[in-house]
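See below for the structure under consideration.
Here the structure is a predicted model, which means the values were calculated and not measured. Numbered from 1 within each chain, the chains take letters A, B, ... in sequence-line order. Note that these values count all heavy atoms, side chains included, but never hydrogens, waters or copies made by symmetry.
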Protein chains: 2
Amino acid sequence: MLTMSTLKKSDAEFHHGDLQAALVTAGLRHVEKHGLNSLGLRQLALVTGVSPTAVYRHFEDLEHLKASVAKAAREVLGKMMVDALKSAPANKTEKGAIARFLAIGGAYIDFGIKKSNLCEIAFICFDSPELEPDSPNPSELLIASLTELNEIGCLSDKNFKIAPMIAWSMVHGFAGLAAQGATGSVQETNASKKEVLLSVLKSLDIK
Amino acid sequence: MLTMSTLKKSDAEFHHGDLQAALVTAGLRHVEKHGLNSLGLRQLALVTGVSPTAVYRHFEDLEHLKASVAKAAREVLGKMMVDALKSAPANKTEKGAIARFLAIGGAYIDFGIKKSNLCEIAFICFDSPELEPDSPNPSELLIASLTELNEIGCLSDKNFKIAPMIAWSMVHGFAGLAAQGATGSVQETNASKKEVLLSVLKSLDIK
DNA sequence: CTTTAATGTTGACATTGTTAACATTGTGCC
DNA sequence: GGCACAATGTTAACAATGTCAACATTAAAG
């Protein structure tokens with residue numbers, strides 16, 4: 001099962017290799033460039049170089065395909081957050097932990113600002129499947145950062161209980177508003193981004 | 001213009017009276033019950049008792065019709081907020097102003113919880129038209145409540161500047177998460193709702 | 001009363017999502 | 001190695017959708 005000497009691609013190219021992933025990737029690219037509403041099954045099959053009905057070997061439905069694209073979009077968000085985490089200071093101090101929280105929270109917001117089309121599909125999915133086990137989960141990354149703040153000692157146990165919902169709501173809400181241009185000009189948005197993140201810390205008695 | 005002795009409905013019923021509004025209302029009802037993705041032009045025309053192409057006399061496009069339904073959904077949210085405001089204490093005191101803020105913020109969140117399908121379409125619209133001039137605007141209601149807190153004296157001018165974005169992001173984010181069931185059970189959600197609203201006040205140094 | 005704009009209808013077309021029936025490829029078993 | 005079988009892809013067709021062009025009816029204006 002799943003042998004086929006990985007990536008041999010078969011001379012006649014009758015079999016695609018990994019059509020499932022190819023369709024999702026193509027769908028992700030399309031949404032990023034042209035938005036969600038124009039995402040169609042046939043066009044997607046055409047771009048991938050395959051017949052429309054081949055899609056049904058991998059997805060029950062167009063809705064299920066969309067759900068997979070939504071999953072991929074959330075994985076992009078997760079990657080942006082870990083990238084931001086890597087570029088943040090690694091000091092195991094209070095200041096470092098705060099900087100890391102600002103980094104991943106900021107990355108979540110940047111997802112709304114810079115990848116607004118992906119943001120549109122990422123969360124507007126009803127019955128969306130779980131992320132890949134090895135793929136970083138956005139809300140879990142937020143929780144991990146808050147856990148770190150708690151363990152270091154600058155986030156009380158009482159506040160820690162409500163912290164995930166507070167931080168997630170705020171960051172998610174601002175990202176969504178920014179994605180649909182409700183946060184004003186670019187500089188206004190960037191100013192608000194900072195204030196929004198700091199207000200989360202303030203409401204949690206941090207710093 | 002627009003005479004026709006309002007609501008005479010014309011014997012032959014060739015003309016509908018106010019098809020534009022009827023289509024939007026039907027669209028709103030459909031989305032509320034069956035979700036957004038199944039919202040179609042033909043089905044909508046059928047329900048309204050009119051031919052499919054009649055829709056094009058009132059809407060350039062299906063997208064524009066959807067945008068009008070989205071506008072109507074935001075107006076529903078606005079009405080829920082003013083209703084909550086009416087049911088809140090009217091004391092012109094600090095406590096009263098806080099209670100009113102919690103009421104309209106809570107209504108925004110309830111919109112996400114109890115009208116999740118409307119919440120789905122309300123904000124996922126690109127080029128959505130402005131609300132009716134007399135219809136209460138959600139974000140402006142939030143701002144008005146914060147203005148009141150500022151005028152009463154329990155919200156500093158400095159915090160007042162950032163307050164709209166803070167409050168709007170938080171409430172909008174939690175409503176969105178609740179709408180897609182990301183906030184846990186019903187009681188968990190209600191508990192979080194309270195914490196979320198209080199944390200906004202806290203981050204603004206209120207109370 | 002006639003002209004004209006507004007509003008609605010019919011018929012047709014291209015495109016879409018989906019299904020059924022058929023074809024090809026790779027895998028595992030003897 | 002040869003053969004059944006599951007996996008994967010193809011073609012042909014269907015119903016339904018959004019949209020357009022041409023026509024019909026009603027209301028409004030002179």
Side-chain angles (χ1 to χ4, degrees), chain A residues 1-27 30-31 34-70 121 125-127, chain B residues 1-27 30-31 34-70 121 125-127:
Chain A
M1 50 158 87
L2 227 180
T3 316
M4 180 186 181
S5 71
T6 314
L7 262 160
K8 204 189 162 190
K9 224 181 181 192
S10 173
D11 43 278
E13 298 203 356
F14 184 94
H15 281 72
H16 185 281
D18 193 356
L19 181 57
Q20 176 142 0
L23 286 169
V24 171
T25 302
H30 179 96
V31 171
H34 307 97
L36 167 59
N37 40 359
S38 64
L39 182 64
L41 186 145
R42 280 184 121 100
Q43 277 208 8
L44 215 50
L46 189 69
V47 165
T48 320
V50 89
S51 111
T53 54
V55 177
Y56 289 88
R57 300 295 158 180
H58 300 275
F59 299 95
E60 180 186 336
D61 212 65
L62 172 61
E63 291 308 309
H64 288 246
L65 171 52
K66 281 184 182 174
S68 284
V69 175
I121 196 181
C125 247
F126 14 94
D127 201 14
Chain B
M1 47 157 88
L2 225 180
T3 315
M4 183 186 175
S5 70
T6 315
L7 263 160
K8 206 188 162 192
K9 221 181 183 188
S10 172
D11 46 280
E13 298 201 357
F14 185 95
H15 280 70
H16 186 280
D18 194 355
L19 181 55
Q20 176 143 359
L23 286 168
V24 171
T25 302
H30 177 98
V31 171
H34 308 96
L36 167 60
N37 40 359
S38 63
L39 182 64
L41 186 145
R42 280 184 119 101
Q43 278 208 9
L44 215 49
L46 189 68
V47 165
T48 318
V50 91
S51 112
T53 53
V55 178
Y56 288 88
R57 300 293 159 181
H58 301 275
F59 299 96
E60 179 186 339
D61 211 64
L62 172 60
E63 292 308 310
H64 288 245
L65 171 51
K66 281 184 181 173
S68 284
V69 175
I121 196 182
C125 247
F126 14 97
D127 198 16

Requested in this report: Return the value, rounded to whole Å, for the distance between atom CG of B:Asp61 and atom C1' of D:dC20.
Outcome: 13 Å
Requested in this report: Evaluate the side-chain proximity of A:Lys66 to A:Leu62: yes if any heavy-atom separation is below 4.5 Å, no if none is.
Outcome: yes
Report task. Taking the side chain as every heavy atom from C-beta outward, state whether A:Arg57 and A:Leu19 have any atom pair closer than 4.5 Å. Result -> no
Report task. Determine: side-chain N/O of A:His58 to OP1/OP2 of D:dA7, distance under 4.0 Å, yes or no. Result -> no
Requested in this report: Classify the side chain of A:Thr53 versus the base of C:dT18 as yes if they form a donor-acceptor pair under 3.5 Å and no if they do not.
Outcome: no
Query raised in the report: With respect to the phosphate group of C:dT18, does any side-chain polar atom (N or O) of A:Tyr56 fall under 4.0 Å of OP1 or OP2?
Result: yes
Query raised in the report: What integer distance in Å separates B:Leu46:CG from D:dA16:P?
Result: 12 Å
Query raised in the report: What's the CG-P distance between A:Leu23 and D:dT8, to the nearest Å?
Result: 13 Å
Query raised in the report: Is any side-chain heavy atom of B:Val55 less than 4.5 Å from a side-chain heavy atom of B:Leu44?
Result: no
**Report entry** Check: A:Val47 and A:His30 side chains under 4.5 Å, non-hydrogen atoms
**Finding:** no
Query raised in the report: To the nearest angstrom, how far is A:Phe59 atom CZ from D:dG9 atom C1'?
Result: 15 Å
Report summary line: Taken to the nearest whole Å, CG/A:Leu39 to P/C:dG17 is 9 Å
Query - Whole-Å distance separating the CG atom of A:Asn37 from the P atom of C:dT16 - result: 14 Å
Report task. Find the distance B:Arg42:CZ to D:dC20:C1' and express it as a whole number of Å. Result -> 12 Å
Query - Atom-to-atom span, CG of B:Leu41 to C1' of C:dG8 - whole angstrom - result: 14 Å
Report summary line: Sorted by position of nearest nucleotide on DNA chain C, 5' first, the leading residue of A:Gln43 and A:Arg57 is A:Gln43
Query raised in the report: If you check every side-chain atom of B:Leu62, which of D:dT19, C:dT18, D:dT10 has the closest atom?
Result: D:dT19
